[in-house]
Amino acid sequence: MSEADLAAAVDDVLSIDPEEFQAAVDADAEVIKSELRDGTFDNSQAIVGLEYEFYAVANPADDPWTPGTEAGGTLQRVPRRLLELIGFEKELGLHNAEMTLSPQPLNSYGLAAQESEVNARLSAAQERTRAEGMQLVSDGLWTIPPEGETARGYLTDSVEDRGVRIASNMSDSVRYHAMANSAADADVGLRIDAPHVSLESDTVMPESLITSIQPHYQVPQAIDLPTYFRYALRIAGPLLALGVNSPFFPPDLYDADATAEDVLEDGWMEHRISVFETSLNPPGADRGEGKVRFPRDLEHVEQAVDRIARDDTLVPMPVDPGNGFDDEFAHFRLKHGTYWRWVRPVFGGGTRSEANARIEFRPLPAQPTVSDSVAFQAALAGLLESLPRVEHPVADLPWEDARENFYAAMREGLDADLQWITNSGEETTDRETLYADLLDHAADGLERRGLSDTEIEEYLWPLRQRARHELTPARWKRREVKQRLDDGESFADAVTGMQRRYLERQHDSLIGGSFTEWVDDREW
């Protein structure tokens, strides 16, 4: 879409009456609540799904990571035609690509099918992108900007067309461009605020720094959604602590007076959380306020519908008529697209027989390998199968503690003192006790779905290794940077060198490997 066409599309969106849109959302909410009371969203099939985000980097040679090669690893814009060829979807930035997997039953065949689908589609995509001089990367936050550009310039570059502000490096997603041009733009941060990093923008482009995996778990009986949701909130912190993978920003985003020691001392293990919150929440909002936040427990399933319907509307969007079941509440579905909570309920289904209520789990950054990403999907599914059925007492952990666990994990990863209640009722902050209980219940849930002991061990082994050896991608990155600093490199060179090393290791292990294989050349 040309800039002129995009500006016209933004104008069309901004002409939609917010009150009329909200009235349609409210009407849709009543439709959903009526269908909930009729049992339409009850779906006894155990189903899992996964959304998997990537970014592209330059890969100009068959082996760009050989010693002395410096061209590899710079951020790369993905041509839209190429996204169509590889069957991926556009995301916020021109460098992004997203894969949405086919939902599968939660059993040994379904999990294997999802992992095989990722590997098959990703392998085919990499073959295509490699011919274009690029490769797709699974990571939490990119740090090397496009060749000849700065990260600050790439994230803030924009143009104005007939009074409409257009981000130069954002995909033609009208909703995101409209956010910077609507009357609600004062409610959107358009910035990054993190230790020793501050960035102001005219658009939501700063959010394109980050990439994630988003597992989905379908709830058998919709009326029980609040119970599953409660458990999902209490495992969010512990799972995030295992998965942290974005401890550094692009070096040119750091404040001029920040030293390498300052960054290592004050930086967080998972900056992806703060990037998403400060990019899209109102300026000056405290943590836990704004549209992107850790949500509160649900008292009943209709409360989930009401929360989505009554959430602030930043940009009303036009609705295209359709014939699917979820088109009966199409305005609500659009509203849900900007209901940004770290754990959120979803009501959907293209047909009545497919109608379902599910939980979308959003805290996790993209992981170094496919097997690590699938390990988190399996662990989440196993936990949500097991914890409600055994009535695990961690449900009694106060919401305030669950929330603090989440942000402590963001800051400190596995070094955080996370609050937990074991199945025996023991309150603990001991990491070994917590993860033994957590992963044993993940295994129990997978066993309940018919997986063999061998299959369960294969899926959970990467996470058990992380917990046992205090090993996370973020810690690996920090140690790489510190080692390079000790060897005399500048901070910028240390971060860039670390990132290239990450890409080198991923080049050989993204498909078929495991992150734990990366540490054989470092003492832990």
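These numbers were taken from a predicted model, which means no experiment stands behind them. These numbers come from the heavy atoms of this one structure, side chains and all, not from hydrogens, waters or symmetry mates.
- Glu51 is listed as a side-chain neighbour of Glu98, based on a closest heavy-atom distance under 4.5 Å.
- Between Val204 and Met170 the shortest side-chain heavy-atom distance falls below 4.5 Å.
- Rounding to the nearest 0.5 Å gives a distance of 10.5 Å between CZ of Arg293 and CZ of Arg403.
- For the pair Pro145 and Thr74, the tightest heavy-atom approach, listed with the atom from each and the gap, is O-CB, 3.4 Å.
- Of the candidates Phe276, Phe249, Tyr254, Phe249 is the only one forming a ring pair (Phe, Tyr, Trp, His ring centres under 6.0 Å) with His271.
- Ser171 pairs by the side chain to side chain donor-acceptor pair (under 3.5 Å) definition with nothing, not counting sequence neighbours.
- Side chains of Tyr154 and Asp252: a donor-acceptor N/O pair is absent below 3.5 angstrom, by distance only.
- In the model, Ser371 has no side-chain atom that pairs as donor or acceptor with a side-chain atom of Glu115 under 3.5 Å.
- Taking the charged nitrogens against the carboxylate oxygens, Glu302 and Arg307 have no contact shorter than 4.0 Å, which rules out a salt bridge.
- Asp12 and Ser15 share no side-chain donor-acceptor pair at under 3.5 Å.
- Residue pairs satisfying the salt bridge (charged side-chain N to carboxylate O under 4.0 Å, His left out) criterion with at least one member in residues 72-84, sequence neighbours excluded, are listed as follows: Arg77-Glu149, Arg81-Glu132.
- Side-chain atoms of Lys335 and Thr313 include a donor-acceptor pair closer than 3.5 Å.
- Using modelled atom types, no side-chain atom of Glu89 and backbone atom of Ala97 make a donor-acceptor pair closer than 3.5 Å.
- Minimum heavy-atom separation, Thr369 to Gly513: OG1-O, 3.4 Å.
- Residues Ser168 and Asp157 bring a donor and an acceptor atom of their side chains to less than 3.5 Å of each other.
- Side-chain rings of Tyr52 and Phe88 stay apart, their centers remaining 6.0 Å or farther from each other.
- Side-chain contact check for Asp139 and Gln499: at least one donor-acceptor pair (N or O, by modelled atom type) lies under 3.5 Å.
- In this structure, the side chain of Arg344 does not engage the main chain of Ile308 through any donor-acceptor pair within 3.5 Å.
- Under the 3.5 Å distance criterion, with hydrogens and angles disregarded, a donor-acceptor pair is assigned to the side chains of Glu270 and Ser246.
- Among Arg191, Met205, Arg152, the one residue that satisfies the side chain to side chain contact (heavy atoms under 4.5 Å, CB included) test with Leu199 is Arg152.
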(message) If you apply the rule salt bridge (Lys or Arg N to Asp or Glu O under 4.0 Å), what do you find for Glu30 with Lys33, and how did you get there?
(response) CA-CA 5 Å; Glu30 293 305 314; Lys33 286 190 282 187; 3.0 Å; yes
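- The local environment of CG in Asp17 is crowded, with over 12 non-hydrogen atoms from other residues, nucleotides or ligands closer than 6.0 Å.
- Between Arg310 and Asp26 there is no salt bridge, since no side-chain nitrogen of the basic residue lies less than 4.0 Å from a carboxylate oxygen of the acidic one.
- The pair Lys291-Asp311 meets the salt-bridge criterion, with a side-chain N (NZ, NE, NH1 or NH2) lying under 4.0 Å from an Asp/Glu carboxylate O.
- Rounding to the nearest 0.5 angstrom, the gap separating the OG atom in Ser212 from the CZ atom in Arg272 is 4.5 Å.
- Residues Asp327 and Arg333 are paired through a salt bridge, judged by an N-O separation under 4.0 Å between the basic side chain and the carboxylate.
- If you take OG on Ser373 and CD1 on Ile213, they are separated by 4.0 Å, rounding to the nearest 0.5 Å.
- The side-chain heavy atoms of Gln135 and Gln126, taken from C-beta on, include a pair separated by under 4.5 Å.
- Aromatic ring centres of Phe361 and Trp342: separated by at least 6.0 Å.
- Atom CD of Glu160 has more than 12 neighbouring heavy atoms from other residues, nucleotides or ligands inside a 6.0 Å radius.
- Using a 4.5 Å heavy-atom cutoff, the side chains of His216 and Ile359 are not in contact.
- At least one side-chain heavy atom of Val263 sits less than 4.5 Å from a side-chain heavy atom of Phe248.
- One distance of note links OG1 of Thr211 with CD of Gln367; it measures 10.0 Å at 0.5 Å rounding.
- Between the side chains of Glu53 and Gln214, at least one donor N or O lies within less than 3.5 Å of an accepting N or O.
- Under the 3.5 Å distance criterion, with hydrogens and angles disregarded, no donor-acceptor pair is assigned to the side chains of Asn96 and Glu91.
- Under 4.0 Å is where a charged nitrogen must lie from a carboxylate oxygen, and between Glu35 and Arg352 at least one such pair does.
- Counting only heavy atoms from C-beta outward, the side chains of Phe229 and Val219 never approach each other to under 4.5 Å.
- At a threshold of 4.5 Å between non-hydrogen side-chain atoms, the residues Trp268 and Glu412 do not count as touching.
- Donor-acceptor pairing under 3.5 Å is lacking for the side chains of Gln218 and Gln45.
- The CG atom of Asp372 sits 9.5 Å away from the CG atom of Asn245 when rounded to the nearest 0.5 Å.
- The aromatic ring centres of Phe347 and Phe41 sit less than 6.0 Å apart.
- Across all non-hydrogen atoms, the minimal contact from Ala56 to Leu136 is CB-CD2, 4.1 Å.
- Rounding to the nearest 0.5 Å places OG of Ser201 at 11.5 Å from CD of Glu207.
- Looking at heavy atoms from C-beta onward, Tyr502 lies out of side-chain contact with Glu504 at the 4.5 angstrom threshold.
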